[in-house]
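Read through the structure below, which is laid out as structure tokens, and then see the notes.
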Protein chains: 2
Amino acid sequence: MQTNSEALENAETQNRLRDAGLRPTRQRIGLANLLFAGDCRHVTAEELFAEANAAALSVSLATVYNTLRQFVDAGLLREVLAEPGRAYFDTNISDHHHFFHVAEGRLEDVPADAVSIAKLPVAPAGANVERVDVIIRLNKA
Amino acid sequence: MQTNSEALENAETQNRLRDAGLRPTRQRIGLANLLFAGDCRHVTAEELFAEANAAALSVSLATVYNTLRQFVDAGLLREVLAEPGRAYFDTNISDHHHFFHVAEGRLEDVPADAVSIAKLPVAPAGANVERVDVIIRLNKA
DNA sequence: GTGATTGCAAATCTTTTGCACTAAA
DNA sequence: TTTAGTGCAAAAGATTTGCAATCAC
């Protein structure tokens with residue numbers, strides 16, 4: 001059974017995927033609905049896989065990995081490096097930064113206007129600045 | 001054969017290790033000499049392992065990994081996250097930031113005074129700022 | 001001697017890939 | 001029907017670990 005709002009959500013999601021050049025398959029729609037349900041989610045592949053299972057979305061772990069990578073390439077997601085050996089995916093693709101709660105392994109958004117970088121070095125010859133990542137690492141007080 | 005300057009270097013390295021609470025073993029001394037030969041080196045475990053082999057230092061890859069981790073814990077090295085699935089180790093432990101040449105997978109130091117952060121958000125309740133990492137990601141121009 | 005360290009191989013963990021099957025257009 | 005996408009299992013790559021042998025103190 002599908003409610004009206006779910007149907008609407010799916011239609012929006014399908015358009016979003018199509019606009020990104022991705023076929024709106026059942027798995028991609030399901031994962032996108034999970035990812036973009038809230039405003040700023042930070043998930044690992046394993047976490048999203050667990051959520052999909054909990055939501056009775058039949059999808060393999062390999063497809064979760066592949067889909068996350070495709071979403072990043074398509075500009076729907078941003079990859080955030082906070083810990084060695086584990087990738088976080090951020091549904092907030094606007095310009096912003098992050099707190100990283102080291103003990104919990106948890107990311108938290110910092111709005112772009114909460115950080116102001118007054119001075120940046122010039123890029124070395126032959127190089128262009130692609131992005132400036134600021135990660136504020138946090139400990140328990 | 002060992003030259004005088006090598007002997008001196010080893011004595012300094014041994015003190016440095018002892019001060020950090022680590023026994024100055026042959027492997028640790030050898031790796032430390034390689035690491036701290038220059039001012040600001042950025043190496044991966046595999047790179048350091050290759051260097052050790054080239055320098056006829058007999059050490060296993062596992063020991064390279066373990067030693068790097070111990071050096072980080074002891075405050076002799078800093079781990080830098082720039083790429084998913086690969087850890088870089090920085091011999092410069094003073095406050096500074098990084099360029100990351102994405103295409104080459106290469107880190108470059110940015111002196112602390114070349115970046116000025118005019119505004120930072122307050123840490124969430126119960127948390128302390130441990131460190132602020134700034135990584136300037138670079139593309140080919 | 002005694003406890004820390006090392007080496008090796010095996011284990012672990014995250015992520016990617018090959019290929020037969022299925023689904024979207 | 002044609003091409004893209006999926007699932008599974010296997011591979012790949014980075015890193016860690018168990019344990020016997022070795023080294024520093």
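A note on names: the letters A, B, ... follow the listed sequences, proteins ahead of strands, and every chain is numbered from 1. None of these values were measured; they are calculated from a predicted model.
With distances taken from any side-chain atom of Ala62(B) to the nucleotides dT15(C), dT17(D), dA24(D), the minimum falls on dT17(D). The side chain of Val59(B) has dG7(C) as its nearest neighbour among dG7(C), dG7(D), dT6(C). When distances run from any side-chain atom of Glu46(B) to the nucleotides dT5(C), dG7(C), dA14(D), the shortest one goes to dA14(D). Listed nucleotides dT6(C), dT16(D), dC25(D) differ in distance to Gln70(B); the shortest reach to its side chain belongs to dT6(C). Distance from the side chain of Tyr65(B) is smallest for dT16(D) among the nucleotides dT16(D), dT5(C), dT14(C). Checking dA25(C), dG7(D), dG7(C) against the side-chain heavy atoms of Arg18(A) singles out dA25(C) as nearest. Relative to the side chain of Arg28(B), the nucleotides dT5(C), dT6(D), dA25(C) differ in distance, and dT5(C) lies closest.
Here dA4(D) presents its C1' atom at 13 Å from CG of Asn66(A), a figure rounded to the nearest Å. Atom CZ in Arg26(B) sits roughly 13 Å away from atom P in dT22(D) (whole-Å rounding). Note: CZ (Arg86(A)) to P (dT14(C)) measures 5 Å, nearest angstrom. One can place CG of Leu48(B) at 12 Å from P of dT15(D), the figure rounded to the nearest angstrom. Here the P atom of nucleotide dG13(D) and the OH atom of Tyr88(B) are 15 Å apart, to the nearest Å. If you take CG of Leu22(A) and C1' of dG5(D), they are 11 Å apart, rounded to a whole angstrom. At whole-Å resolution of the value, CG in Leu61(B) and P in dG13(D) are 14 Å apart.
No option in Thr63(B), Asn66(B), Leu17(B) other than Leu17(B) meets the side-chain contact (heavy atoms from CB on, under 4.5 Å) test with Arg28(B).
With rounding to the nearest 0.5 angstrom, the CD1 atom of Ile29(B) is 4.0 Å from the CD atom of Gln14(B).
Judged by distance alone, the side chains of His42(B) and Asp109(B) do bring a donor and an acceptor atom under 3.5 Å apart. Side-chain N/O atoms of His97(B) and Asp133(B) include no donor and acceptor closer than 3.5 Å.
The shortest distance between side-chain heavy atoms of Thr13(B) and Phe36(B) does not fall below 4.5 Å.
At the heavy-atom level, Pro84(B) lies nowhere under 4.0 Å from the strands shown. At the heavy-atom level, Thr44(A) lies nowhere under 4.0 Å from the strands shown. Within 4.0 Å of Arg23(B), counting heavy atoms only, lies at least one base atom of the nucleic acid.
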